Asks: 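The structure that follows is given in the form of structure tokens.
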Amino acid sequence: MSRIAVIDFETTGVSPGQGARATEVAIVLLENGRRVDHYQSLMKTGAWIPAFITQLTGITNAMVNAAPDAAGVMQDAARFVGDAPMVAHNAAFDSKFWQAELALAGVAAPHAFACTVLLSRRLYPEAPSHKLGSLVDYHGLPRTGQAHRALADAEMAAELLARMQHDLRQRWGVAEPGHALLMALQRCAKPQVGKLLAQHGNRPAVPAAC
DNA sequence: TGCCAGGCCCTCTTTAGGGCCTT
């Protein structure tokens, strides 16, 4: 059984090291590429949400002030994820907030993150943009909910991940495009992507990335 | 005083600079 947790945070800024806090978290759980469950919650941290963030996300100070405390939300989120490996769009961003918010909640965060931005750059170098919304449009994937809200963005990232796994099977013959392969692929130097996929698949054809 | 992310990746590069991507 291949389980992957796709996560997205909305936050008050770009860096927890500069005092930014999460305002909302959403996680979509995939099993063998199929969505089986999800978790979503706003969270109260006491941090002020700048006006431009409210304009971007629609999340207001009143909304988070009425939400559950962040520590409890993060403890629930960690229980929901369990030991599943994780994926995010620009994982460098979400993994920092995952670690920072879990640390404040007193929960360990040992999860490995794969990144759909890095994977997309390797699998679809011809894409005009690697922004989440642009990739969703590029692949003709469904848009659900309000963009820049955590659940809608996590659902789009999950759709994108499922599309990547489908393409790895169909185009390159990779039987098990699981999290371990995704981690290897995102770390692979671009000129070596074709060789890596040929090693894991049954089709020697050079992928678009090479 | 004023400013404040940071890792990845491309190129007019590698003794560097700047765009992308996330909020």
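For clarity, every value in this text was computed on a predicted model and none was experimentally measured. Naming convention: chains lettered A, B, ... in sequence-line order (proteins, then strands); numbering from 1 in each chain.
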Asks: B:dC21 P sits how many Å from A:Phe9 CZ, rounded?
Replies: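 From A:Phe9 CZ to B:dC21 P: 22 Å.
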Asks: Describe the nucleic acid contact of A:Thr57 in one word from base, sugar-phosphate, nothing, applying a heavy-atom distance below 4.0 Å.
Replies: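 Sugar-phosphate only.
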Asks: Closest heavy-atom contact between A:Thr23 and A:Thr11?
Replies: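 Looking at all heavy atoms of both residues, the closest pair is OG1-N, 3.6 Å.
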Asks: Ignoring the backbone of A:Thr11, work out which of B:dT23, B:dT22, B:dA5 is nearest its side chain.
Replies: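 Selected nucleotide: B:dT23.
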Asks: Between atom CD in A:Gln99 and atom C1' in B:dG7, what is the gap in whole Å?
Replies: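 Taking atom C1' of B:dG7 as the reference, CD of A:Gln99 is at 14 Å.
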Asks: Using atom C1' of each nucleotide, how far apart are B:dC12 and B:dG19 to the nearest Å?
Replies: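 Pairwise C1' distance, B:dC12 against B:dG19, rounds to 15 Å.
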Asks: If you look at every strand shown and take non-hydrogen atoms under 4.0 Å, does A:Asp8 touch a base, only sugar-phosphate, or nothing?
Replies: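 The answer is sugar-phosphate, as A:Asp8 gets under 4.0 Å only of primed atoms, P, OP1 or OP2.
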Asks: May I ask you to evaluate whether A:Arg122 reaches the phosphate of B:dC9, defined as a side-chain N or O under 4.0 Å from OP1 or OP2?
Replies: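 Result: yes.
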Asks: Base, sugar-phosphate, or nothing: which does A:Ser129 touch, judged by heavy atoms less than 4.0 Å apart?
Replies: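 The answer is sugar-phosphate, as A:Ser129 gets under 4.0 Å only of primed atoms, P, OP1 or OP2.
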Asks: Without decimals, in angstroms, what is the distance between A:Ile7 CD1 and B:dT22 C1'?
Replies: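 About 13 Å, once rounded to whole Å.
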Asks: Counting only side-chain N and O atoms of A:His148, is one of them less than 4.0 Å from OP1 or OP2 of B:dT23?
Replies: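 Answer is yes, contact under 4.0 Å.
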Asks: Could you work out which one of B:dC21, B:dT23, B:dC9 sits closest to the side chain of A:Lys190?
Replies: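 Nearest nucleotide to the side chain: B:dC9.
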Asks: Less than 4.5 Å apart, any side-chain heavy atom of A:Leu197 and any of A:Leu168?
Replies: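 Heavy-atom side-chain distance check passes, below 4.5 Å.
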Asks: Check whether any side-chain heavy atom of A:Arg121 sits under 4.5 Å from a side-chain heavy atom of A:Val117, and report yes or no.
Replies: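 Yes; the side chains approach each other to less than 4.5 Å.
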Asks: In whole angstrom, give the distance that lies between atom CG of A:Leu160 and atom P of B:dT22.
Replies: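 Rounded to the whole Å, the gap is 11 Å.
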Asks: OP1 or OP2 of B:dC21 sitting under 4.0 Å from any side-chain N/O of A:His130?
Replies: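 The answer is no; no side-chain N or O of A:His130 sits under 4.0 Å from OP1 or OP2.
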Asks: Where the side chain of A:Gln18 is concerned, which of B:dT22, B:dC9, B:dC4 is the nearest nucleotide?
Replies: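 That would be B:dC4.
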Asks: Salt bridge check: are A:Arg143 and A:Glu155 linked by an N-O gap of less than 4.0 Å?
Replies: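 So A:Arg143 does not pair with A:Glu155 through a salt bridge.
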Asks: If you look at every strand shown and take non-hydrogen atoms under 4.0 Å, does A:Phe97 touch a base, only sugar-phosphate, or nothing?
Replies: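 Answer is nothing: A:Phe97 stays at 4.0 Å or more from every strand.
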Asks: Let's go through A:Val25 and A:Met43 carefully: what are the C-alpha distance in whole Å and the side-chain angles of both, what is the deciding distance for side-chain contact (heavy atoms from CB on, under 4.5 Å) to 0.1 Å, and is it a yes or a no?
Replies: CA-CA 8 Å; A:Val25 62; A:Met43 65 179 82; 3.6 Å; yes
